[in-house]
Structures are given as C-alpha cells and as structure tokens.
Amino acid sequence: MAEVVKTIYCPRCNRKVATWDGKSSINPIGKCKKCNWLIIYDLSREELRIKDVPDRATSSGLTFY
C-alpha cells in the first residue's frame with residue numbers, strides 16, 4: 001500500500017512550507033520563509049489558512065504555535 005504524502009505550499013509565493021504524511025490527525029503548520037506568514041492546512045476542511053506569526057513570549061527565543 002502506497003503512502004499518501006501531501007506537500008503544502010504557500011499560496012502567495014508557492015514555496016514548500018510543510019508536508020503531511022496522510023496518517024496524523026494534527027493540522028500541519030509551516031512558516032513561509034519568504035512571506036513570513038504562518039500556513040496552516042486544515043485537515044477537516046482540506047483548505048489552507050494564513051495567519052501572522054505570533055510574537056515571542058519567552059526569553060529563550062522559542063515560539064510556540
């Protein structure tokens with residue numbers, strides 16, 4: 001049985017931002033390095049959502065989405 005791998009691209013600049021293996025139930029999230037947008041692929045609706053990247057809330061520099 002072949003695996004279903006879906007590549008998620010930024011809708012603005014068509015760069016690859018994430019992949020989905022077809023098994024996980026968590027929405028894949030990727031950040032476009034060119035547009036600096038957060039791209040979220042909604043699995044239940046099979047559509048892309050675009051959001052701003054959240055500000056850092058910790059001093060370590062990590063951003064939790």
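Since this is a predicted model, take the numbers as computed values, not measurements.
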>> Please report the interatomic distance CD1(Ile40) to CD1(Ile8), rounded to the nearest 0.5 Å.
In response: 11.0 Å
>> Holding to side chain to side chain contact (heavy atoms under 4.5 Å, CB included), I want the full list of residues that pass it with Ser25, two or more places apart in sequence or in another chain.
In response: none
> Which residues pass the side-chain hydrogen bond (donor to acceptor under 3.5 Å, both in side chains) test with Thr7, sequence neighbours left out?
Replying inline: none
May I have the list of side-chain donor-acceptor pairs in residues 12-21 shorter than 3.5 Å, sequence neighbours left out?
from	atom 1	to	atom 2	distance (Å)
Trp20	NE1	Ser24	O	3.1
Trp20	NE1	Ser24	OG	3.2
Asp21	OD1	Lys23	N	3.0
Asp21	OD1	Ser24	N	3.2

> Is any side-chain heavy atom of Tyr41 closer than 4.5 Å to a side-chain heavy atom of Leu48?
Replying inline: yes
> With sequence neighbours left out, which residue pairs that include part of residues 32-46 fulfil the salt bridge (Lys or Arg N to Asp or Glu O under 4.0 Å) condition?
Replying inline: Asp42-Arg45, Arg45-Glu47
>> Just to verify, what does Asn36 make a side chain to side chain contact (heavy atoms under 4.5 Å, CB included) with, not counting sequence neighbours?
In response: Lys31, Val53
>> With a 4.5 Å cut-off on side-chain heavy atoms, are Ile50 and Cys32 touching?
In response: no
>> Holding to side chain to side chain contact (heavy atoms under 4.5 Å, CB included), I want the full list of residues that pass it with Asp52, two or more places apart in sequence or in another chain.
In response: Trp37
